[in-house]
2 protein chains.
Amino acid sequence: MTQARALFAERGFAGTSIRAIATGASVDPALVHHYFGNKDDLFLAAMAIKVDPRQEMAPVIAGGADAAGENLMWVVVKVWGDAEIRLSLLGVARGVFEPDGQQMIKDGFLGMVLGPLGKGLDLDEPERRMALVASQMFGLVILRYVLEVEPLASMSEELLVATFAPSLQRYFTGDLPN
Amino acid sequence: MTQARALFAERGFAGTSIRAIATGASVDPALVHHYFGNKDDLFLAAMAIKVDPRQEMAPVIAGGADAAGENLMWVVVKVWGDAEIRLSLLGVARGVFEPDGQQMIKDGFLGMVLGPLGKGLDLDEPERRMALVASQMFGLVILRYVLEVEPLASMSEELLVATFAPSLQRYFTGDLPN
């Protein structure tokens, strides 16, 4: 896994194949597939991320675009409220100022979380809308869970959802300027 | 200045006095006052920040709370659009995952930028409203200027302001849940 992580960091998600990871570890690619599943699964395992974004996004997609602001906020507070998951996500977030780390965040967060969400919700202009959603989520996570700025840090989950859901909802389905 | 920066990093803004900095540099405190002004001025000089937040916030305060969303967005795109200023701000932003750096961001950004703005605009619940404003500004800066996520990274300043001003305006003056 250390070697897989190094390869992902060096070449990015798109530039890393299961075959290359298997070769580097001197094992058969079929064995990697058997034990870790597809490349998304392998990425999550290599980065030691304690949450499966596909599983978390499924109910948000199922809830539809008109409820996505509130539903996504509940996922954010649930996932980031779990200390073990939070630590694993912070490990990735720390890379935000390093070129390798930035690629991981783009691949992992945008590629595995927001990309499929925008597609699953069948949004118009999914790239633009999901970038706006991401901008509010990133900032919220940094203020509440990293900098622990009050009163955000100790705000109840219910109030946090009620506060931010309208902003996210506008980015998901509102009229945007051109 | 290296020594002043080290003191600010070690003790935070509140815990650092001009007297302590002068003593550390073996000069008279009056001399430090004479050359650098007050503690805010000294902090900006020590951190090599190429922009004076008090000067940038003045027109936003003068424009009043009802126009603060749009006016603040224009400051954000102007300040972060300047390569030299951006580099100096990124130097501070990098500290977001380090305890010392976090204190600098809280002191510098929240203490010198957002605190006076909330007070100057005479907001109700200034602490809560400014934390919400900060959460959107932080995330936008990271997505557009650090991760350079498209289409945010190459969006025109006009479109960026039109897109985010309504979110900021709601945080400044909108009805918030309780």
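Just so we're clear, the structure is a prediction, and the values are computed from it rather than from any experiment. Per chain, numbering begins at 1; letters A, B, ... match sequence-line order.
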Return the option, out of [options], with the maximum number of heavy-atom pairs under 4.5 Å with chain A.
| options | answer |
| --- | --- |
| B/L140, B/N178, B/V146 | B/V146 |
| B/G139, B/A134, B/S135 | B/S135 |
| B/E127, B/R170, B/Q102 | B/R170 |
| B/L143, B/L90, B/V141 | B/L143 |

Fill in: B/Y171-A/T163 side chain donor-acceptor pair, cut-off 3.5 Å
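B/Y171 vs A/T163: no donor-acceptor pair found between side chains.
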Worksheet item: Under a 4.5 Å heavy-atom cutoff, which of A/Q103, A/Q136, A/E148 has the most pairs with chain B?
Response: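 Highest number of pairs under 4.5 Å: A/Q136.
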Taking side chain as everything from C-beta outward and backbone as N, CA, C, O, which of these in [X] sits under 4.5 Å from a heavy atom of chain B? Side chain, backbone, both or neither.
| X | value |
| --- | --- |
| A/L147 | both |
| A/R94 | both |
| A/M155 | side chain |
| A/E125 | neither |

Worksheet item: Do B/L42 and B/L31 share a hydrophobic cluster (ILVMFWY, side-chain heavy atoms under 4.5 Å, transitive)?
Response: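 Yes, one cluster joins them.
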Worksheet item: According to a 4.5 Å side-chain heavy-atom criterion applied to Ile, Leu, Val, Met, Phe, Trp and Tyr, with indirect links allowed, do A/V27 and A/F43 form part of one hydrophobic cluster?
Response: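 Yes.
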Worksheet item: Atom CG in A/L176, atom CG in B/L159: separation rounded to 0.5 Å?
Response: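 Going from the CG atom of A/L176 to the CG atom of B/L159 covers 8.5 Å.
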Worksheet entry | Nearest heavy atoms of B/P151 and A/A131, plus distance in Å |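 Shortest heavy-atom separation between B/P151 and A/A131 comes out as CD-CB, 4.1 Å.
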